[in-house]
S.K.: 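Starting off with a structure, shown below.
Note that the coordinates shown come from a computational prediction; the quantities given were computed from them, not determined experimentally.
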Amino acid sequence: MDLYQELIIEHAKRPHRAGLRAPFDAEVHHVNPTCGDEVTLRVDLDGDTIRDVSYDSLGCSISVASASILAEQVTGHTLAEADVVHDAMHAMLTSRGQDAGDEEVIGDGIALAGVARYPARVKCALLGWMAFQDALNQAGARPAAESSTSSSLKEQHV
Amino acid sequence: MPAAPFTSEELAAIRADFPILTRTVRDGKPLVYLDSGATSQKPRAVLDAERDFYEHHNAAPHRGAHALAEEATEAYEDARADIAGFIGAGAGEVVFTKNATESINLAAYAFSNADHGSPLRIGEGDEVLITEMEHHANLVPWQELCRRTGATLRWIPVTDEGRLDLTDLGSLLTDRTKVLAFTHASNVLGTVNPARELADAARAVGAISVLDACQSVPHLPVDVTDLGVDLLAFSGHKMLGPTGIGVLWGRADLLEQLPPFLTGGSMIETVRMEGSTYAAPPQRFEAGVPMTAQAIGLGAAVRYLQGLGMDRVHAHETALTGQLLAGLADRPWVRVIGPTTTENRGGAVAFDVDGVHAHDVGQILDDSGVEVRVGHHCAWPLHRRLGVTASTRASLAAYNTPGEIDAFLAALDRVPQVFEVAS
């Protein structure tokens, strides 16, 4: 089946940048209430740059791989660059297979393209990304007006 | 002579009654439906009963006096009588609800709605005893009751094997206990609890026993007199019936004392602007136009199950459970969560695959057309107690076949290959 690309299995077995590290500006804990999957995620900012994303992910291969890919794609990048990656991932994952994803923008995230055809699994793939948005908001990296992104994602999550 | 499992000819005839079982999923694979613990499939007799009601008799029961209203009332009450007979009860003891969750909430709210001075009234110093293996539906309503009233929630622990640990029952179930609520058969572990023993123990300390029978009434002969409990809840959709219909059974003298939960039309005796009095049970607990077609559908479901014979349904599912447990025991990378023999055990079999998350296990099975449940199955504290985030659950019904168990096991063998874990 096309869901479990080799790249996903690799990320799930050996997640990149895993573990919780200090220092950090915000820590969030997100849960998928339907299956009990959890992620604790920290962001460490240096002005407009994401110095570190560290996390502890307890979940299925899709959610662990997605968190691993997230950490890899946004660490060392600016907030604006991370937004571009986030928006592209979100668009692909919620497209029901209509958006094939752009490897130039989302890197290994392209391996998660197949998830979009399994509606029940989309929330697994989004869990880490929603936690990341929430952490940025809590770290004060967002003007108040923009923090609605996070709450709208949370609604989908339920 | 003990009842025998269904023969292959009988099974073929049963399966022909369930239209959905002939369909395919995921690119033409035959459907292997092993998620009846979540909801069962419906035989044509149930679908026909609902359609027949809407096509020929539809009216609001217990209102009006026209011809259709009479027919609708009669059909609705006939269904109640059939369902009551199915569990060895009197028709006046069967209350229709939306589902078992509503049934249990009805009971829980009765204890806080009871008048001051009523023996049912719960407050500070009182205790509600549940178990660690409960479905959220038989857990959260009691947490909420305790929050509203100041009573204390306590629970009977679960052993590593997935049985109730009754060692300290004497210190948990005391004269402070007002309610003992527990499941007859666990929706995760399959464990069938000693309902009679617990009901008797509850009565001995003056506590009211509430049994969650969602996973027993569809699968084994249940007689409320034999069980000795005070209240019993189950859902129609898990026993071949429609969604949107459930039952709260209660001893007649207890129902008589219970205050209403939902209030409004048709549950009243007299209404004046200053206040109202309420109808006798079961109408007191059925506010609003009821789920008439669904009740009639559930009536058809119990007649269908009676036609199969609940002793044979039980024998059949027990044989399949044995086959399933034996197959899982042959796979050392699988850990069954719950009893590993069929003794006092139903056909819900949850398991953990070493190193692979339940969502991923379920996805591989689904890819082979095998439909199982993944997650915590609305029993999060139980999963936490047994040290797993989530599990995969196969659950059985009368229409499942030995061939489907083989198909499930063959699909399961793909899991270690895909996820590159030892098998």
S.K.: Return yes when atom CG of A:D46 has more than 12 non-hydrogen atoms of other residues, nucleotides or ligands closer than 6.0 Å, and no otherwise.
M.R.: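 For A:D46, atom CG is crowded (more than 12 foreign heavy atoms under 6.0 Å).
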
S.K.: Less than 3.5 Å apart, any donor N or O on the side chain of A:Y4 or B:D360 sitting next to an acceptor on the other?
M.R.: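 Judged by distance alone, the side chains do pair up.
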
S.K.: Which atom pair, heavy atoms only, marks the closest approach of B:F419 to A:S61?
M.R.: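 The answer is CE2-OG, 3.8 Å.
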
S.K.: Yes or no on side chain to side chain contact (heavy atoms under 4.5 Å, CB included) for A:L58 and B:H357, after CA distance, side-chain angles and deciding distance?
M.R.: CA-CA 9 Å; A:L58 192 65; B:H357 189 278; over 6 Å; no

S.K.: Within the supplied structure, the quantity of interest is the number of heavy atoms (other residues, nucleotides, ligands) at a distance under 6.0 Å from A:D48 CG; does it exceed 12?
M.R.: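 No, because the 6.0 Å sphere around CG of A:D48 holds 12 heavy atoms or fewer from other groups.
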
S.K.: Answer with side chain, backbone, both or neither: which region of B:R26 has an atom nearer than 4.5 Å to a non-hydrogen atom of chain A?
M.R.: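 Interface part for B:R26: side chain.
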
S.K.: Side chain, backbone, both or neither: which part of A:I8 has a heavy atom under 4.5 Å from chain B?
M.R.: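 Neither part; nothing is under 4.5 Å.
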
S.K.: Can you confirm whether A:D37 sits close enough to B:H359 that some side-chain heavy atom of one is under 4.5 Å from a side-chain heavy atom of the other?
M.R.: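 With C-beta onward as the side chain, the pair touches.
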
S.K.: Please tell me if the side chains of B:E420 and A:E10 come closer than 4.5 Å, counting only heavy atoms from C-beta onward.
M.R.: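 No. Closest side-chain heavy atoms not under 4.5 Å.
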
S.K.: Around atom CZ of A:R51, are there more than 12 heavy atoms of other residues, nucleotides or ligands at under 6.0 Å?
M.R.: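 Counting neighbours around CZ of A:R51, more than 12 heavy atoms of other residues, nucleotides or ligands fall under 6.0 Å, so yes.
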
S.K.: Are more than 12 heavy atoms, taken from residues, nucleotides or ligands other than B:D354, located less than 6.0 Å from that residue's CG atom?
M.R.: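 No, not enclosed.
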
S.K.: Just checking B:W333: does its CH2 atom have more than 12 heavy atoms from other residues, nucleotides or ligands closer to it than 6.0 angstrom?
M.R.: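 Atom CH2 in B:W333 is crowded, with more than 12 foreign heavy atoms closer than 6.0 Å.
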
